[in-house]
**Student:** 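Here it is: the structure, laid out below.
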There are 2 protein chains.
Amino acid sequence: MVERQPGAEPRIHNLRESCTSCSLNDLCLPVALDAAGIETLDGIVQRGHPLVRGQIVYHPGKPFHSVYAVRAGALKSVTVTEDGEEQITAFHLPGELVGLDAIGFDAHPSTAAALETTRVCEIPFAELEGLSEHVHGLRRHLVRRMSQAIAAEQEMLHLLARRNAEQRLAAFLVHLSDRHVQRGLAATPVRLPMSRHELGNYLGLVPETVSRLFRRFMDHGWMSVQGQSIGLDNPGALRLLTRSSSQVVQEHRT
Amino acid sequence: MVERQPGAEPRIHNLRESCTSCSLNDLCLPVALDAAGIETLDGIVQRGHPLVRGQIVYHPGKPFHSVYAVRAGALKSVTVTEDGEEQITAFHLPGELVGLDAIGFDAHPSTAAALETTRVCEIPFAELEGLSEHVHGLRRHLVRRMSQAIAAEQEMLHLLARRNAEQRLAAFLVHLSDRHVQRGLAATPVRLPMSRHELGNYLGLVPETVSRLFRRFMDHGWMSVQGQSIGLDNPGALRLLTRSSSQVVQEHRT
DNA sequence: CGGAGTCTTGACCTCTATCAAGTTTTGTGG
DNA sequence: CCACAAAACTTGATAGAGGTCAAGACTCCG
């Protein structure tokens, strides 16, 4: 559930602080900027207090003014249907941009909420657009991010339409590990910032099934679970699972 | 299967014809353009020979130069995984833009193929971008189309993750009918330009299940099938199915 | 320490994939 | 225009994956 906590309006205020760690390299905009461009961007990025679990960055109908970059922690993107059912469409780790599905519209179409204590950078879109008039490649980069979001969702469509529960969970774990590596972290102990319920929702499974699959993977010696920390003890086997079901999974030990 | 037919390179050639029926109102770009803008756009739109069923507009790896607008007929967008499995991610009816997932990249990441005899307009992207420097709202409209594509896929994610077969098919039919209405056509006899196999692939079902569901819906008196033509005899009942499964479907006759 | 929430495990049953025939439609060549 | 082959579609029987319901274990905080 996306709990609307009392007074849970995002705690992102207008503090204009320099936010260098949030701006360029590892974060949202790996674009070639000159020093002046960097300074300008840093000037428009806004940083706020950390969000606690469940707190909402934006919700459907909130006027679209900014996109957000995750600095630390994790967010989920959630769509809610008329009849109140929720579907988690993405998890966002540090370095990722959130709120792209609102670009071009007046209001956000989805919800973004913190999975754990999370710091985000707010990037006012109007100023980002102004900046992209002058900074070569910035607009292109933003559009590319949107295309990447489309591609990521297409991959999820394939996962949900063609893969069984085992393959979905294996693909999720491998993908999460890959994202860790991309960020320069170790591949194998990954942390699951979301609950079993949320993970199941994302993967189109009930929490019980997720739990049973964890058990099965552990019994195979493929992974180990210690609370939120997940060890991928046999990434090869898990990666094999993500491939087409026609291929038989033969024993594949380290 | 996306058959690469011998010599099936898209028959879209460089004929520069005026293509008014393709340009603005009912088609790709309902933007407020002045007469000069309309003329410019018409100038860059390219029309080609009709595509026959199975023929490919673009395929993964083809350099990205243009987006395409469907004029008549229908296309499918398909992603292919490393192991050769195909997933249809969208069907495109007349008036819709195709190829947006390539914007920002050098090559198309997916395949677009004709479901039936289909005419498309090729819109060279470089020239479209140049035009959008001058035409107010054009760029914004393109970006909005991308956001809409993201939103449409998010809805599909929900459909695949949370809905059963009955609900998926009902939602598809209702959605297709709604799209007909948007284009000014009658709501109730809709035509299915795709095979059962393709429809099942899109909905995460096998063709047999699609067939059985058609039978079930017909037995309920909710729809009628005559070849490709589908009559929605009780749209209310179908629409009711698309809602949350918690709500019991009581008999709902015309 | 205790209670609420989360997670795990088990028993059961439904939904849908799979396999296997038939039947209809489509396409092609005579 | 008809005949025949190939493909697409329909229908039935069956089995297995995963959802549902229920109970117990663990965790996190107050």
Side-chain angles (χ1 to χ4, degrees), chain A residues 1-3 5 52-54 85 87 115-117 159-172 191-219 223-230 241 244-246 248-249, chain B residues 1-3 5 52-55 76 85 87-88 115-117 159-170 172 191-219 223-230 241 244-246 248-249:
Chain A
M1 291 284 272
V2 177
E3 317 89 15
Q5 299 180 343
V52 301
R53 165 160 181 94
E85 253 182 75
Q87 176 63 40
L115 291 171
E116 58 185 334
T117 303
L159 202 71
L160 292 175
R162 310 245 78 77
R163 302 306 205 193
N164 64 24
E166 211 170 43
Q167 296 170 319
R168 292 182 206 175
L169 187 59
F172 174 79
R191 213 170 45 78
L192 297 187
M194 71 294 290
S195 69
R196 298 284 185 274
H197 179 86
E198 288 166 326
L199 179 51
N201 179 293
Y202 177 64
L203 294 175
L205 304 170
V206 292
E208 291 95 323
T209 301
V210 175
S211 201
R212 275 186 258 268
L213 289 171
F214 277 170
R215 157 76 32 221
R216 197 186 303 175
F217 287 176
M218 287 169 72
D219 289 348
M223 59 174 280
S224 45
V225 181
Q226 282 156 16
Q228 290 197 322
S229 179
I230 306 288
L241 266 191
S244 174
S245 45
S246 61
V248 181
V249 179
Chain B
M1 289 285 274
V2 178
E3 318 88 16
Q5 300 181 342
V52 301
R53 166 161 180 96
Q55 222 171 347
K76 60 177 175 182
E85 255 181 75
Q87 175 62 42
I88 298 176
L115 292 171
E116 57 185 334
T117 303
L159 203 71
L160 292 175
R162 309 245 76 78
R163 302 307 206 192
N164 64 24
E166 211 170 43
Q167 297 171 318
R168 291 181 206 175
L169 186 58
F172 174 79
R191 215 171 44 79
L192 296 188
M194 72 293 289
S195 69
R196 299 282 184 276
H197 180 87
E198 288 165 327
L199 179 50
N201 179 292
Y202 178 64
L203 294 175
L205 304 170
V206 293
E208 292 95 322
T209 302
V210 175
S211 199
R212 275 186 259 269
L213 290 172
F214 277 170
R215 156 79 28 225
R216 198 187 300 175
F217 288 175
M218 288 170 73
D219 288 348
M223 59 175 280
S224 45
V225 180
Q226 282 157 13
Q228 290 197 321
S229 179
I230 305 288
L241 266 190
S244 173
S245 45
S246 60
V248 181
V249 179

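We name chains A, B, ... by the order of the sequence lines, and we start the count at 1 in each one.
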**Student:** Walking along DNA chain C from 5' to 3', note the first and the last nucleotide with an atom under 4.0 Å from a heavy atom of chain B, and give both.
**Tutor:**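 Endpoints of the contacted stretch of DNA chain C: dT16(C) to dC19(C).
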
**Student:** Do the side chains of Arg162(A) and Gln87(B) get nearer than 4.5 Å, heavy atoms only?
**Tutor:**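 Side chain of Gln87(B) against side chain of Arg162(A), heavy atoms only: contact under 4.5 Å found.
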
**Student:** Five pairs per end, C1' atoms only: what is the angle between the end axes of the helix from dC1(C)-dG30(D) to dG30(C)-dC1(D), to 10 degrees?
**Tutor:**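 Answer rounded to 10°: the end axes differ by 50°.
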
**Student:** Using a 4.0 Å cut-off to any heavy atom of chain B, which nucleotides of DNA chain D are the first and last in contact, reading 5' to 3'?
**Tutor:**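 Boundary nucleotides touching chain B, in 5' to 3' order, are dC9(D) to dA13(D).
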
**Student:** Ignoring hydrogens and angles, tell me if any N or O in the side chain of Arg168(B) forms a donor-acceptor pair with the backbone of Arg163(B) under 3.5 Å.
**Tutor:**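 Judged by distance alone, yes, a pair lies under 3.5 Å.
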
**Student:** Under the rule for side chain to side chain contact (heavy atoms under 4.5 Å, CB included), what residues qualify as partners of Ser224(A), not counting sequence neighbours?
**Tutor:**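 Asp233(A).
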
**Student:** Using a heavy-atom cut-off of under 4.0 Å over every strand shown, decide if Gly200(A) touches base, sugar-phosphate, or nothing.
**Tutor:**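 The answer is nothing, as Gly200(A) stays clear of every strand by at least 4.0 Å.
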
**Student:** Would you name the heavy atoms of Glu116(B) and Pro193(B) that are closest together and state the gap between them?
**Tutor:**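 That closest heavy-atom pairing would be OE2-CB, 3.3 Å.
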
**Student:** Between Leu241(B) and Leu169(B), does the side-chain contact (heavy atoms from CB on, under 4.5 Å) criterion hold? Intermediate values first, please.
**Tutor:** CA-CA 9 Å; Leu241(B) 266 190; Leu169(B) 186 58; over 6 Å; no

**Student:** Which donor-acceptor pairs under 3.5 Å do side chains of residues 201-217 of chain A form with protein atoms, sequence neighbours excluded?
**Tutor:**
residue: Asn201(A); atom: OD1; partner: Ile88(A); partner atom: N; Å: 2.7
residue: Asn201(A); atom: ND2; partner: Glu86(A); partner atom: O; Å: 3.0
residue: Arg215(A); atom: NH1; partner: Asp219(A); partner atom: OD1; Å: 3.3
residue: Arg216(A); atom: NH1; partner: Glu166(A); partner atom: OE2; Å: 2.8

**Student:** Determine the minimum heavy-atom distance between Val225(B) and Met218(B), stating which atoms define it.
**Tutor:**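 Answer, listing the atom of Val225(B) first, then Met218(B): CG2-SD, 3.7 Å.
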
**Student:** For Leu115(A), is there any backbone N or O sitting under 3.5 Å from a side-chain donor or acceptor partner on Arg53(A)?
**Tutor:**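 Yes, Arg53(A) side chain to Leu115(A) backbone: donor-acceptor pair under 3.5 Å.
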
**Student:** What residues in residues 207-216 of chain A put a non-hydrogen atom under 4.0 Å from any atom of DNA chain D?
**Tutor:**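 Those residues whose heavy atoms fall under 4.0 Å from DNA chain D, taken from residues 207-216 of chain A in numerical order, are Glu208(A), Thr209(A), Arg212(A).
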
